[in-house]
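A, B, ... follow the sequence lines: proteins, then strands. Residue 1 opens every chain.
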Amino acid sequence: MITGTALIRMYCNCSTLENAHSLFTTLSEKDAMSWAILISAYVQHDNGHEAVALFEHMQQEGMMPNNYIYNKLINACAAVPNLDEGQRAHSRIVGTEFERCIFVNNALVDMYAKCGSLDLAHKIFMSMMKKDLVSWNAIITAFTQYGLADEVFKQYEKLKADGFKPDEYTFSCMLSICTSLGDINMGRYIHGEVRNAGLGCRLPVVNALLDMYSKCGCLEEAHKLFNSMGARNDVSWTTMIAGCVRERRDAQVLKHFSCIPRRDVFSWTALIQGYVQYGHHDEALDFFLKMQGEGVRPN
RNA sequence: GACUUGCGA
């Protein structure tokens, strides 16, 4: 038997959101999960506004939200980002059984940080009786977003003192803060921690290492690491291209660009940026057109 | 069976 939720899921994956949405409106019984899947799809497509609107529509139809749906709503507010909407979402949860839900609170920490209120994010984090690794990662990410390196390192130590093991999310964040500080020594220290944790092969971590080395003036080390990678993704390639552009290594820029298996808008933009930086506006324009010729839409 | 945190221009 094919259920409504399975159909919605399939349409979200294989068709357009519009088709999924119109199929959704024809479902005779819409359960919480089908609402959650559709709201989630809008968030993934960077349409937080529509996701919030769907939530309102859901309430009008008398559907009671559960913690999954609240998380999706909070997520949508973070994606917009819209602090008012986020606070409204938060106040809807206060007084419900979900107020103490760790997943919901983790989402709130993230949402407040992304909506510009580090203060509220921190308040939520502090108020949590029980924290998991995601809670710690969310607050570390928040401090990273605001460039508060001292706090980032402080929370990193506290997380470990609390008995948690930093994971690949933690390490990507730690590396980001080293990158923005330009602190190669701290970066190397974190790299050591990554190795000790056995996470030296996780793509987001290696990519963050590539970025850290190349932006801290160690492009050669970034290259060595890049060459040793067993698997690479779009981020790995673009990180290297951007690094070579910054160091004006024209030949390497082009070599890397020609090797990318699949070029996305970020890799194209890194290349075009290189030409703009060198003052070669005609080539920049050529590549801009070529990009569209290959079906990549400018953003 | 659906939910929260991380990497590139």
Which residue pairs satisfy the ring-ring contact (aromatic ring centres under 6.0 Å, His included) criterion with at least one member in residues 72-98 of chain A, sequence neighbours excluded?
A:Tyr70-A:Phe98, A:His90-A:Tyr112
Would you call the rings of A:His122 and A:Phe143 parallel, tilted or perpendicular, where under 30° means parallel and over 60° means perpendicular?
perpendicular
Rounding to an integer number of Å, can you tell me how far A:Met229 CE sits from B:rG8 C1'?
11 Å
A:Asp31 CG to B:rA2 C1': how many Å, rounded?
9 Å
Does the B:rG8 base have a donor-acceptor partner in the side chain of A:Asp264 within less than 3.5 Å?
yes
Side-chain (A:Arg262) to main-chain (A:Asp234) donor-acceptor, under 3.5 angstrom:
no
Among residues 120-136 of chain A, which contact RNA chain B at a heavy-atom distance under 4.0 Å?
A:Val134
Under a 4.0 Å heavy-atom cutoff, the residues of residues 236-247 of chain A touching RNA chain B are A:Thr238, A:Thr239, A:Ala242
Near RNA chain B, under 4.0 Å by heavy atom, which residues of residues 155-179 of chain A?
A:Glu168, A:Tyr169, A:Ser172, A:Cys173, A:Ser176
Summary of side chain to side chain donor-acceptor pair (under 3.5 Å) pairs that have at least one residue in residues 283-292 of chain A, sequence neighbours excluded
none
Quick one: do A:Phe55 and A:Trp35 satisfy ring-ring contact (aromatic ring centres under 6.0 Å, His included)? Show the steps, please.
CA-CA 8 Å; A:Phe55 177 87; A:Trp35 281 102; 9.1 Å; no
Closest heavy-atom contact between A:Val206 and A:Gly200?
CG2-O, 3.3 Å
Counting distance only, does the side-chain N/O of A:His191 pair as donor-acceptor with the main-chain N or O of A:Gly187 below 3.5 Å?
no
Please list residues of residues 60-88 of chain A whose heavy atoms come under 4.0 Å from any atom in RNA chain B, ordered by number; otherwise none.
A:Asn66, A:Asn67, A:Tyr68, A:Asn71, A:Lys72, A:Asn75
How long is the span from the CZ atom in A:Arg195 to the CG atom in A:Leu209, to the nearest 0.5 Å?
8.0 Å
Hey, can you pull the residues of residues 94-117 of chain A with a non-hydrogen atom under 4.0 angstrom from RNA chain B?
A:Phe103, A:Asn106, A:Ala107, A:Asp110, A:Lys114
Nucleotide of B:rU5, B:rG8, B:rC7 approaching A:Pro204 most closely (side-chain heavy atoms):
B:rC7
Could you list the donor-acceptor pairs under 3.5 angstrom formed between side-chain atoms of residues 57-64 of chain A and any protein atom two or more places apart in sequence or on another chain?
{"residue": "A:His57", "atom": "NE2", "partner": "A:Glu61", "partner atom": "OE2", "Å": "3.2"}

Rounded interatomic separation in angstrom, taking CG from A:Leu38 and P from B:rA2:
17 Å
Between B:rA9 (P) and A:Asn233 (CG): distance, integer Å:
14 Å
Please state how far atom CZ in A:Phe257 lies from atom C1' in B:rG8, giving the value in whole angstrom units.
14 Å
Verify salt bridge (charged side-chain N to carboxylate O under 4.0 Å, His left out) between A:Glu193 and A:Lys160, making sure each step is shown before the conclusion.
CA-CA 12 Å; A:Glu193 300 261 281; A:Lys160 290 199 286 189; 2.9 Å; yes
For the pair A:Phe226 and A:Trp237, evaluate ring-ring contact (aromatic ring centres under 6.0 Å, His included) and give the outcome as yes or no after the intermediate values.
CA-CA 9 Å; A:Phe226 180 78; A:Trp237 287 100; 5.0 Å; yes
Go through the structure and list residues passing side-chain hydrogen bond (donor to acceptor under 3.5 Å, both in side chains) with A:Lys154, not counting sequence neighbours.
A:Glu151
Taking only residues two or more places apart in sequence or in another chain, which ones pass side-chain contact (heavy atoms from CB on, under 4.5 Å) with A:Asp119?
A:Ser117, A:Lys123
Aromatic ring pairing A:Phe287/A:Tyr275, orientation class (parallel under 30°, perpendicular over 60°, tilted between)
parallel
How close or far is atom C1' of B:rU4 from atom NE2 of A:His90, stated in whole angstroms?
14 Å
Could you tell me the separation between the CE atom of A:Met58 and the C1' atom of B:rA2, rounded to a whole number of Å?
13 Å
Apply salt bridge (Lys or Arg N to Asp or Glu O under 4.0 Å) to A:Arg188 and list each qualifying residue two or more places apart in sequence or on a separate chain.
A:Glu221
Which nucleotide, B:rC7, B:rA2, B:rA9, lies nearest any side-chain atom of A:Ala208?
B:rC7
Atom pair distance, as rounded to whole Å: CD in A:Gln44 and C1' in B:rU4
14 Å
Which pairs of donor and acceptor atoms, one on a side chain in residues 124-135 of chain A, lie under 3.5 Å apart (sequence neighbours left out)?
{"residue": "A:Ser127", "atom": "OG", "partner": "A:Ile124", "partner atom": "O", "Å": "2.7"}
{"residue": "A:Lys131", "atom": "NZ", "partner": "A:Met128", "partner atom": "O", "Å": "3.4"}
{"residue": "A:Asp132", "atom": "OD1", "partner": "A:Asn106", "partner atom": "ND2", "Å": "3.2"}
{"residue": "A:Asp132", "atom": "OD1", "partner": "A:Val134", "partner atom": "N", "Å": "3.1"}
{"residue": "A:Asp132", "atom": "OD1", "partner": "A:Ser135", "partner atom": "N", "Å": "2.9"}
{"residue": "A:Asp132", "atom": "OD1", "partner": "A:Ser135", "partner atom": "OG", "Å": "2.9"}
{"residue": "A:Ser135", "atom": "OG", "partner": "A:Asn106", "partner atom": "OD1", "Å": "2.7"}
{"residue": "A:Ser135", "atom": "OG", "partner": "A:Asp132", "partner atom": "N", "Å": "2.9"}
{"residue": "A:Ser135", "atom": "OG", "partner": "A:Asp132", "partner atom": "O", "Å": "3.2"}

